[in-house]
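Here the structure is laid out as structure tokens; the discussion comes afterwards.
All values below come from the heavy atoms of this structure, side chains included, with hydrogens, waters and symmetry mates left out. Ligands are counted one by one from 1 in listed order, and the atoms in each one are counted from 1 as well. Start at 1 with the first residue, then count along the sequence.
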Amino acid sequence: MHNDISKILFSEQDLANRVREMGENITADYAAMAGPEGIVVISILRGGAIFTCDLVRAIDMPLEMDFMAVSSYGNGVKSSGVVRILKDLNTDIRGRHVIIAEDIIDSGLTLKYLMQNLQSRGPASMTVAALMKKNTENQADIECRYVGFECPDEFIVGYGLDYAERYRNLPYIGVLKPEIYQ
Ligand code: IMP
Ligand code: MG
């Protein structure tokens with residue numbers, strides 16, 4: 001597994017530090033506004049799961065977690081732009097303050113679709129916490145208030161991100177050697 005990685009971009013410690021800061025920022029921004037009802041954190045499966053689990057434990061206020069699964073990639077390495085909802089929310093988000101927790105914004109097409117879909121359900125507010133934002137040309141314009149790291153336009157894995165369902169359990173984020181997917 002580790003031999004398939006050409007370079008470590010973010011170490012376990014980098015990730016822990018940055019996710020803790022993101023949680024503190026969210027707490028500071030939302031604690032008063034959201035009141036006792038708190039916020040709803042929507043984790044986008046499966047890539048966002050590990051990030052979300054660390055993020056919610058760094059947020060010090062009432063919150064609910066829910067999960068959505070969408071598919072946009074199949075087993076390839078580029079977004080198709082065709083998004084399917086494989087698992088929908090159990091929570092009614094009408095009137096709630098919603099934060100979507102996503103692993104990485106690449107083309108932005110997945111989130112663009114998802115945000116339009118969720119907006120139509122009438123949340124009080126909605127924004128995105130993305131662990132990473134890729135430096136991609138023609139990225140869709142997404143209202144993303146919290147970004148953990150900017151990252152280069154390479155195919156990366158670890159800490160939830162996969163290639164063909166593997167490498168999600170790497171504790172760090174690294175660049176996958178191109179010969180693995182070419
Ligand atoms: P987008 O629709 O192009 O923004 O793609 C978003 C989704 O593609 C993310 O939620 C990731 O799950 C996946 N993705 C994008 N770039 C990478 C990558 O470099 N490695 C692994 N998954 C990625
Ligand atoms: Mg994903």
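Shown here are the side-chain contact (heavy atoms from CB on, under 4.5 Å) partners of Asn90, two or more places apart in sequence or in another chain: Asp66, Lys87.
Applying the 4.0 Å criterion to heavy atoms of Glu102 picks out, from ligand 1, the atoms 9 (C), 10 (O). In summary, the atoms of ligand 1 found under 4.0 Å from a heavy atom of Asp103, numbered by their order in the structure, are 9 (C), 10 (O), 11 (C), 12 (O). Per-residue contacts place Glu154 under 4.0 angstrom from the following atoms of ligand 1 (heavy atoms of the residue considered): 19 (O). Contact atoms of ligand 1 toward Asp162: 21 (C) (distance under 4.0 Å to a heavy atom of the residue). Counting atoms of ligand 1 from 1 in the listed order, those under 4.0 Å from a heavy atom of Thr110 are 1 (P), 2 (O), 5 (O), 6 (C).
Nearest heavy atom pair, residue Ile173 against residue Gly158, reads CG1-O, 3.7 Å.
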Residues 28-42 side chain polar contacts: donor-acceptor under 3.5 Å, at least two apart:
{"residue": "Asp29", "atom": "OD2", "partner": "Arg145", "partner atom": "NH2", "Å": "3.3"}
{"residue": "Asp29", "atom": "OD2", "partner": "Tyr146", "partner atom": "OH", "Å": "2.5"}
{"residue": "Glu37", "atom": "OE2", "partner": "Arg96", "partner atom": "NE", "Å": "3.4"}

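Ring-plane geometry between His2 and Tyr172 is classed as tilted, the angle between the planes lying from 30 to 60 degrees on a 0 to 90 degree scale.
For the atom pair CD1 (Ile142) and NZ (Lys133), the distance works out to 8.0 Å, reported to the nearest 0.5 Å.
Residue Leu161 touches ligand 1 through its side chain alone, judged by heavy-atom distances below 4.0 Å. When non-hydrogen atoms are compared, ligand 1 lies under 4.0 Å from the side chain of Lys134 (C-beta onward) but not from its backbone.
When Val175, Ile156, Leu114, Leu131 are ranked by how near their heavy atoms come to atom 20 (N) of ligand 1, first place goes to Ile156. In the candidate list Ser107, Gly160, Ser71, Ser107 is nearest to atom 3 (O) of ligand 1, counting heavy atoms.
Between Gly108 and ligand 1, a contact under 3.5 Å exists for at least one N or O pair.
Here the side chain of Glu102 pairs no donor or acceptor atom with the backbone of Leu111 at under 3.5 angstrom.
Taking the side chain as every heavy atom from C-beta outward, Met1 and Asn169 approach each other to under 4.5 Å.
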